[in-house]
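Take a look at the structure set out below.
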Amino acid sequence: MSSLLPSTDNEQRLHPWSWLFVLQQQVQQLLLPLVALLFFGSRRQEENLFYQWAPLIVVVALVTTALLQYLTYRYRIGADRLIIRSGVFERTRREIPFARIHNVVVHQSLLHRVFGVAELRLESAAGDKPEAQMRVLKLSQALELEQLIRQRGDVTAGEGDAPPTTDELLALRLPELVRLGLISNRAMVVVAAAIGALYQMLPRDITENFIEQQGKQAVGYASQLHLGTTTLVASGVALLVTGLLLMWLMSIGLAIMQYSGFRLSEADKRLTVERGLLTRLRSSVARRRIQAWTLREGALHRLFGRRQLRVDIASGGGHEEKQGRALKELVPLATPAACDGLLQHLLPQLQWPPSQWDAVSTRGWWRLCLPALVVTGALAALLVYETGPWGLLPLLWLPWSAFKAHRQVTRMAYNIDARRVAVRGGWWNRWWRIAELDKLQALRLDRSPLDRHFGTATLTLDTAGALGAPALQLRFLEEQRARELMEQLGREMARRKLRW
């Protein structure tokens with residue numbers, strides 16, 4: 001073991017500044033209640049003495065809790081596991097075998113980087129929270145512990161083996177980050193979320209009055225200028241284009257902040273992703289833990305000649321995924337050739353892309369546009385009742401919906417060989433899903449009333465932790481073919497050992 005790590009004989013504490021980061025997280029969670037308490041306390045301090053001392057009491061309680069967590073948290077590095085003790089009144093002892101750790105995340109915010117520390121998260125295949133969250137360690141110790149977990153978690157590694165060499169598989173430069181920002185358009189999501197949050201937080205009458213006043217001022221200013229129709233239309237178009245440009249610039253900035261320094265590397269059959277400008281994130285996972293692979297290609301991806309590669313891991317990372325910390329995005333953006341080459345490299349025993357795809361039944365393709373038909377019909381009926389014949393305009397969406405449904409069904413296909421199953425779908429937004437047969441856990445055959453009418457069925461394949469979207473399904477199969485595939489895959493699953 002490297003000399004950077006503490007001795008494995010005795011229990012160790014976290015970094016002396018760890019209580020400060022625990023306090024920071026607690027303050028972030030209680031920020032709104034604290035602000036409200038300070039605001040109302042300043043207005044009612046003459047009425048009740050409690051409002052004068054309540055903020056100080058809360059702060060003291062938070063600091064005390066953070067210090068107690070630091071003083072009672074202990075960890076020890078065993079031969080094959082990590083032992084953690086924590087708690088004051090309710091004491092907890094966790095023993096985490098290195099072989100059970102599926103994902104290791106080293107997280108560094110801007111404050112972490114100032115103090116030269118990092119947060120280490122260890123994830124297994126169960127639960128929606130990390131098995132251990134070590135907040136915080138010295139950065140050098142966190143990286144050494146990550147390396148130690150890699151080596152001791154690999155049951156095939158020898159005791160005296162040399163450190164594995166690291167191969168860089170992909171790096172994103174500035175031009176790719178610019179393309180990623182233009183394709184993702186994350187600023188629109190951020191702005192929409194901010195507007196929704198403000199609308200929910202502020203009283204409705206204040207919001208409506210503000211919008212009404214600003215609208216009247218804008219209309220009054222435009223009427224004073226005495227602009228013609230052409231000028232007004234040109235001005236509206238110019239404002240729209242300016243808004244889109246600002247959105248794209250903001251999206252590019254967000255992409256640079258999130259993916260700056262992106263690097264995908266491989267060492268000893270383990271993949272590691274590093275990214276982030278201010279907040280650095282380093283996440284690693286063993287290749288054998290990956291349950292399914294997903295290639296995505298939207299309309300803007302095709303315009304720029306790019307794709308995205310995501311993975312589903314046998315790891316309980318639900319909470320981490322919501323915060324963007326789980327290793328899901330293996331390749332945020334790359335050329336189709338690079339994605340295909342990376343898949344072929346990581347799955348050398350498989351053939352990718354397949355030489356031939358098996359098509360599904362196209363009977364009843366219009367089933368895919370039934371939701372749009374119901375929603376559009378109900379909306380049109382409501383608008384006709386309110387506004388008259390102009391309410392029929394939403395029905396113009398139906399031809400596009402039908403065309404899109406037909407294109408989607410004609411592009412659905414699958415390919416099954418001796419080692420893996422691949423499914424493709426989508427048309428405007430295309431996708432490909434790949435899973436090894438050794439990772440399959442269960443099969444399910446479904447037949448809806450429409451399936452029974454058209455003689456089709458849906459075969460769903462389940463893998464450990466493969467919760468990504470779209471589902472790993474073979475839809476619109478002929479019933480006889482679906483049953484044959486279910487029997488074939490069932491025999492393969494029975495004679496194979498599950499690898500996850």
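Predicted, not measured: the structure shown is a model, and the values here were computed from it.
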Taking only residues two or more places apart in sequence, or in another chain, which ones meet [X] in a side-chain contact (heavy atoms from CB on, under 4.5 Å)?
| X | result |
| --- | --- |
| Ala66 | Trp19, Val22, Leu23, Gln26 |
| Ser251 | Asn185, Ala187 |
| Ala457 | Leu445, Arg447, Ala482 |
| Arg74 | Glu11, Arg13, Arg85 |

Quiz: residues 173-180 side-chain donor-acceptor pairs under 3.5 angstrom, not counting sequence neighbours:
{"unit_1": "Glu176", "atom_1": "OE1", "unit_2": "Arg306", "atom_2": "NE", "d": "3.1"}
{"unit_1": "Glu176", "atom_1": "OE2", "unit_2": "Arg179", "atom_2": "NH1", "d": "2.6"}
{"unit_1": "Glu176", "atom_1": "OE2", "unit_2": "Arg306", "atom_2": "NE", "d": "3.3"}
{"unit_1": "Glu176", "atom_1": "OE2", "unit_2": "Arg306", "atom_2": "NH2", "d": "2.8"}

Residues which pass salt bridge (Lys or Arg N to Asp or Glu O under 4.0 Å) with [X], listed by chain and number, not counting sequence neighbours:
| X | result |
| --- | --- |
| Glu90 | none |
| Arg81 | Glu95 |
| Arg420 | Asp417 |
| Arg307 | Glu297, Asp340 |

Results of side chain to side chain donor-acceptor pair (under 3.5 Å) for [X] - residues two or more places apart only:
| X | value |
| --- | --- |
| Thr272 | Arg150 |
| Arg280 | none |
| Arg302 | none |

Problem - SB check Arg263 Glu168 (cutoff 4.0 Å) - result: yes
